[in-house]
Peer 1: 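The structure under discussion is supplied below as structure tokens; questions concerning it will follow.
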Amino acid sequence: MGMLSERREPVSRPVEPPFSPILLAGLALAVVPPRLLQPLFDAILAVVRRRHPDILDRLSDFPNAVIGIDPVDLPFVLVLEPWPEQPRLQVHRDFELVQASAVIRGPLEMLFDLAEGRIDGDAAFFSRQLVFEGDTEVVLALRNAIDGAGINLEEDFAATLGPLARPLLRASNIGGRVYRRLAEDMGKISSALLGPLLRGSNTQSARIAELEQQVAELRRGLKARGRG
Amino acid sequence: MTAVAGIGGQLSLGPLLFHWPAEQMRDFYFRLADEAPLDSVYLGEVVCSKREMFFGNYFVEVMERLAAGGKQVVVSSLALVMSEKERHRIKALAGTDATVEANDLSAVAALAGHEFHVGPFVNVYNEGTLAYLVGSGARRICLPAELPATAIAVLAAQGLCEIEVQAFGRAPLAMSARCYHARSRDLHKDGCQYVCGEDADGMAVDTMDGQAFLAVNGTQTMSGHYLNLLGDLAGLRAAGVTGFRLWPHSCDMAAVAGLYRSVLDGRVDSGEAARRLAELVPEASFANGYAHGLEGHRLIEDGLSLCQ
Amino acid sequence: MTVEGVELVCPAGTPAALKAAVDAGADAVYLGFRDETNARNFPGLNFSRPELAKGIVYAHERGARVLVAINTFPRAGQPELWHRAVDDAARLGADAVILADLGLCDYAARTHPDLRLHLSVQASASSAEAISFYHRAFGIRRAVLPRVLSVAEIATLCAGVPIEMEVFVFGGLCVMAEGRCSLSSYATGHSPNIDGACSPASHVRYRDTGSAVVSELGGFTINRFGPGEPAGYPTLCKGRFEANGKLSYLFEEPSSLNTLDLLPELIAAGVKAFKIEGRQRGRAYVADVVGAFRRAVDAIGRGERPAVEMLDGITEGGRQTAGAYERKWR
């Protein structure tokens with residue numbers, strides 16, 4: 001706790017949002033106040049609690065955890081409190097007023113893929129598409145709990161919505177197809193469009209690296225003197 | 001100097017883990033045979049079978065000199081046994097009338113039914129394993145470095161055999177089939193050119209930030225810090241530990257042994273002894289965290305008090 | 001089991017991963033209880049007793065076996081937790097338990113004479129004599145070989161022991177002799193052998209410096225990854241260190257073992273079971289890797305050379321190695 005609040009400065013968005021339909025949707029959502037989105041996430045949490053009680057069970061070793069989830073291509077963030085008595089999933093504009101024990105960042109599509117076990121969390125992390133900060137133990141517990149639950153968002157919602165499920169599933173299928181098509185096209189132009197921008201060097205980062213190098217050299221110098 | 005009640009206990013010198021020139025080894029042991037207040041000395045190559053042939057010519061001579069100096073000589077077996085040659089060596093060792101310290105399960109298997117010692121490379125973590133080994137013939141067990149004093153106390157309290165604890169020197173932390181000394185010189189183990197001989201006390205391994213951390217000794221990884229349990233000897237003795245092991249280093253080991261002996265005899269208090277040890281081994285930073293149930297690299301000044 | 005009884009032994013950290021492994025063609029699944037009795041005691045991972053019971057039913061209905069890893073070393077003075085794990089695995093109908101500790105082998109052999117015992121890689125039994133000893137003393141039926149042996153050494157070993165040999169074919173690679181490594185406890189105070197976790201997450205920190213991500217374990221810097229550079233676990237043996245005047249991956253590069261190419265040789269060497277590492281990985285990993293190895297083993301069964309499958313995407317550091325199976329690794 002407090003780990004992030006001490007270092008609010010570097011809490012940038014280290015993962016560049018991919019140029020995707022979600023990014024465009026995000027631009028549109030930027031004007032929507034987070035509280036209008038809250039009912040959606042209340043519903044999601046209710047479904048998870050009903051369909052996958054084992055998730056909260058697997059997180060029971062962390063009764064005070066506050067986990068920030070940052071879909072980097074959307075203009076809001078989520079805060080999960082997997083507290084056994086009163087779990088909450090809240091929408092915020094950012095983490096400004098949140099004392100998070102850990103933060104997970106990644107493109108929304110990847111976060112969904114992770115939740116549904118379509119991709120491996122370690123692999124996403126190895127490839128640097130997924131970034132986390134803070135209490136590693138909490139992040140790992142959440143990852144394992146969600147992966148272990150066998151979530152399938154479509155089925156979970158279908159099971160909850162009952163008779164409404166069929167048309168909704170069909171709509172989401174069509175939506176999925178349209179989305180994938182859009183994503184492909186946009187992927188093609190994104191590199192051309194954004195590539196040069198992303199390559200632009202960050203002078204502040206370079207400065208920090210330089211300072212770290214100097215500390216290491218100082219230490220070595222001191223040690224060499226100690227040995228001699 | 002404050003007079004302190006003697007705490008007693010055996011003092012032993014573990015097998016030399018580093019690769020030194022054979023003549024230097026011979027002279028090292030000759031001097032210890034004559035001068036060091038040690039109860040037992042362990043001889044034999046534990047880390048890498050490729051080094052074995054060098055000291056062979058002096059082995060018997062050194063054994064005799066140590067025995068003449070009143071030391072019990074124990075022959076330590078290899079810690080990682082894989083090849084045909086290594087397997088034969090274990091069987092041959094078990095066939096001699098030497099007292100053998102088993103450092104892997106193939107040696108335990110070969111020695112079962114005889115009396116033998118068990119080295120710190122065999123995982124003895126609990127009373128079930130201890131009882132099984134004692135039933136097979138184990139008479140002294142040197143415990144793994146990472147055991148906390150609470151576990152050591154449980155094992156010592158069984159009263160089944162002698163319990164030895166590592167008390168000085170770089171703690172052995174890991175074994176591998178791969179030679180990191182060779183790798184650090186872009187060589188392979190098969191053509192290693194015995195580069196491990198270039199570092200008499202192991203090769204320092206620092207973090208990217210230049211912080212001292214580990215040491216490499218061929219295929220073995222060791223602690224960067226030297227164990228120093230001077231302040232914990234009394235507590236461990238009170239818990240039933242029967243002896244302490246010093247790992248050989250290139251410093252004045254006769255003096256190091258003398259220092260530990262003087263603490264066991266109550267002639268020097270542990271604080272004064274620690275100050276003198278730092279002078280004897282100026283290049284070392286010390287640690288005793290494992291015994292205190294903490295990170296192995298930590299140094300806790302307050303001696304152990306094991307309330308049971 | 002397709003090729004003359006060669007068994008594909010697959011990891012499951014959760015019930016969902018167990019289903020994924022069985023559905024992808026695992027002959028056996030190995031797993032552990034949700035405590036320090038197994039070597040993957042990670043937060044949010046592993047099985048409760050009821051989950052194991054259900055998992056065993058799911059696997060058995062589909063012809064797969066369930067092996068329970070109880071492969072840490074009981075804490076002195078508190079062996080009950082480990083004894084209970086053995087008792088419960090036996091009671092719930094596990095097909096075998098995978099053990100490492102001498103004392104626990106002794107307990108299991110005496111208390112459950114009908115329970116099939118496997119020797120864990122954590123026992124570091126690297127010679128025919130050591131393995132035969134466990135067979136004679138406790139009736140061990142299969143040993144998982146430490147990842148220190150070359151294929152030639154494995155062939156010699158298989159010929160010299162009266163029981164089945166299991167080897168790792170994919171996943172995270174310990175470069176040290178397993179079960180005999182105290183690097184993690186040196187940095188963190190938590191022993192993989194007793195507490196069941198190497199490089200425990202509670203002691204891991206990733207620090208973003210802006211220009212790089214720095215991984216730390218117990219406050220020691222293990223590695224630094226520049227932008228776009230593939231990352232790895234903050235395990236000490238896969239870190240970058242300075243020795244002999246240069247900065248390098250002194251022990252091992254972040255990489256994953258992959259032996260798809262070597263499977264025919266390993267079968268010829270007499271190996272009876274192939275083990276996939278990764279109980280801490282997600283079900284997507286399990287499905288991908290188990291599927292690839294199922295196809296490979298089936299292809300060998302038909303007398304074909306297994307097709308090369310790219311598993312780069314799920315490997316550590318994006319790199320693969322044949323590890324100690326090739327002698328030059330040493």
Side-chain angles (χ1 to χ4, degrees), chain B residues 80-84 86-87 90 104-106 108-110 112 121 123 125-133 144-147 150-151 154-155 171 173-180 183-185 188-190 203-211 213-214 216 221 223 289-290 293-297, chain C residues 73-77 79 100-104 106-107 123-130 132-134 136 148-149 153 156 175-177 179-183 185-189 191 193-194 218 220-224 236-237 239-244 246-248 250-252 324 327-330:
Chain B
L80 184 58
V81 178
M82 298 188 290
S83 72
E84 202 82 2
E86 291 160 355
R87 294 165 55 208
I90 296 291
D104 90 318
L105 263 292
S106 68
V108 169
F121 304 95
N123 280 340
Y125 280 87
N126 52 63
E127 54 274 35
T129 296
L130 182 90
Y132 185 83
L133 288 170
E146 72 169 11
L147 277 192
T150 47
V154 169
L155 298 179
L173 298 182
M175 293 296 308
S176 177
R178 177 179 253 186
C179 179
Y180 307 117
R183 188 168 150 87
S184 77
R185 268 88 169 162
H188 291 290
K189 189 179 171 192
D190 282 345
M203 171 175 66
V205 177
D206 297 344
T207 69
M208 297 178 89
D209 305 326
Q211 190 177 7
F213 186 27
L214 300 169
V216 151
T221 307
S223 63
Y290 278 137
L294 301 167
E295 298 90 333
H297 65 87
Chain C
F73 296 80
R75 201 180 295 278
D101 181 61
L102 269 179
L104 197 60
D106 189 39
Y107 171 83
S124 187
S126 54
S127 70
E129 287 74 17
S132 301
F133 164 78
Y134 283 100
R136 275 198 315 276
V148 295
L149 299 158
E153 283 165 342
T156 311
V175 292
M176 307 299 179
R180 304 169 89 185
C181 177
S182 304
L183 293 188
S185 63
Y186 187 64
T188 70
S191 159
N193 278 357
I194 307 171
F220 292 100
T221 298
I222 303 305
N223 213 339
R224 187 176 288 139
L236 291 176
C237 52
R240 254 186 284 212
F241 297 104
E242 195 178 304
N244 191 35
K246 67 178 181 198
L247 192 65
S248 71
L250 178 63
F251 303 107
E252 178 65 294
R327 198 176 163 88
K328 66 173 165 39
W329 177 85
R330 293 177 181 173

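Values reported hereafter were calculated over all heavy atoms of this structure, with side chains retained and with hydrogens, waters and symmetry mates removed. Labels below follow one simple rule: chain letters A, B, ... track the order of the sequence lines, proteins then strands, and each chain is numbered from 1.
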Peer 1: Would you say the side chain of C/Phe220 lies within less than 4.5 Å of the side chain of B/Leu214, judging by non-hydrogen atoms?
Peer 2: no
Peer 1: Check whether the side chains of C/Asn193 and B/Tyr125 place a donor and an acceptor atom closer than 3.5 Å, and report yes or no.
Peer 2: yes
Peer 1: Can you tell me how far apart CE (B/Met208) and CG (C/Leu247) are? Round to the nearest 0.5 Å.
Peer 2: 4.5 Å
Peer 1: Using non-hydrogen atoms only, which part of B/Leu294 is less than 4.5 Å away from chain C: side chain, backbone, both, or neither?
Peer 2: backbone
Peer 1: Which bit of C/Ala177 is near chain B, if near means a heavy-atom gap under 4.5 Å: side chain, backbone, both or neither?
Peer 2: both
Peer 1: Heavy-atom distances under 4.5 Å only: say whether B/Leu133 touches chain C with side chain, backbone, both or neither.
Peer 2: side chain
Peer 1: Can you find a heavy atom in the side chain of B/Met82 that is under 4.5 Å from one in the side chain of C/Leu149?
Peer 2: yes
Peer 1: Against chain C, label B/Glu86 side chain, backbone, both or neither, depending on which of its atoms sit under 4.5 Å from a heavy atom there.
Peer 2: neither
Peer 1: Closest approach of C/Arg330 and B/Ala177, non-hydrogen atoms and distance?
Peer 2: CG-O, 3.4 Å
Peer 1: Go through B/Leu105 and C/Leu102 one step at a time and tell me if the side-chain contact (heavy atoms from CB on, under 4.5 Å) criterion holds.
Peer 2: CA-CA 10 Å; B/Leu105 263 292; C/Leu102 269 179; 4.2 Å; yes
Peer 1: Any side-chain to backbone donor/acceptor pair from B/Lys189 onto C/Arg327? Under 3.5 Å, distance only.
Peer 2: no
Peer 1: Which answer fits C/Asp106, side chain, backbone, both or neither, if we ask what part of it has an atom under 4.5 Å from a heavy atom of chain B?
Peer 2: side chain
Peer 1: Nearest 0.5 Å, what's the NZ-CZ distance between C/Lys246 and B/Arg185?
Peer 2: 8.5 Å
Peer 1: Could you tell me whether the side chain of B/Glu127 and the main chain of C/Gly77 form a donor-acceptor pair under 3.5 Å?
Peer 2: yes
Peer 1: Which bit of B/Tyr290 is near chain C, if near means a heavy-atom gap under 4.5 Å: side chain, backbone, both or neither?
Peer 2: side chain
Peer 1: Under a 4.5 Å cutoff for heavy-atom pairs, which residue among C/Ser132, C/Ala123, C/Ser182, C/Gly218 has the most contacts with chain B?
Peer 2: C/Ser182
Peer 1: Using 0.5 Å steps for rounding, measure from the OG atom of C/Ser248 to the OH atom of B/Tyr180.
Peer 2: 12.0 Å
Peer 1: I need the B/Asn126 CG to C/Tyr107 OH distance, nearest 0.5 Å.
Peer 2: 13.5 Å
Peer 1: Tell me the closest heavy-atom pair linking C/Phe241 and B/Thr207, and the distance in Å.
Peer 2: CD2-CA, 4.1 Å
Peer 1: Which heavy atom of B/Ser176 sits nearest a heavy atom of C/Met176, and at what distance?
Peer 2: CB-SD, 4.0 Å
Peer 1: For a side-chain contact (heavy atoms from CB on, under 4.5 Å) check, start with the C-alpha distance between C/Glu129 and B/Ile90, then their side-chain angles and the critical distance, and finish with the verdict.
Peer 2: CA-CA 10 Å; C/Glu129 287 74 17; B/Ile90 296 291; over 6 Å; no
Peer 1: What are the two closest heavy atoms between B/Arg87 and C/Ala128, and how far apart are they?
Peer 2: NH2-CB, 3.7 Å
Peer 1: Is there a donor-acceptor contact under 3.5 Å from the side chain of C/Arg180 to the main chain of B/Phe121?
Peer 2: yes
Peer 1: When rounded to the nearest 0.5 angstrom, what is the spacing between CG in B/Asp104 and CZ in C/Phe133?
Peer 2: 10.5 Å
Peer 1: At a 4.5 Å cut-off on heavy atoms, which part of C/Thr188 comes close to chain B: side chain, backbone, both, or neither?
Peer 2: backbone
Peer 1: Would you mind checking which part of B/Tyr132 comes under 4.5 Å of any heavy atom in chain C, side chain (CB onward), backbone (N, CA, C, O), both or neither?
Peer 2: side chain
Peer 1: Heavy-atom distance under 4.5 Å to chain B: side chain of C/Ala125, backbone, both or neither?
Peer 2: neither
Peer 1: Which residue out of C/Ala243, C/Gly239, C/Ser126, C/Ala324 racks up the most heavy-atom pairs below 4.5 Å with chain B?
Peer 2: C/Ser126
Peer 1: Output the distance between atom OH (C/Tyr186) and atom CG (B/Leu173), rounded to the nearest 0.5 Å.
Peer 2: 7.0 Å
Peer 1: Ignoring hydrogens and angles, tell me if any N or O in the side chain of B/Arg178 forms a donor-acceptor pair with the backbone of C/Trp329 under 3.5 Å.
Peer 2: yes
Peer 1: Name the member of C/Ala100, C/Ser185, C/Cys181, C/Ser127 that forms the most heavy-atom pairs with chain B at distances under 4.5 Å.
Peer 2: C/Ser185
Peer 1: Short question: side chain of B/Thr129, backbone of C/Gly103 - any donor-acceptor pair under 3.5 Å?
Peer 2: yes
Peer 1: Using non-hydrogen atoms only, which part of B/Thr221 is less than 4.5 Å away from chain C: side chain, backbone, both, or neither?
Peer 2: side chain
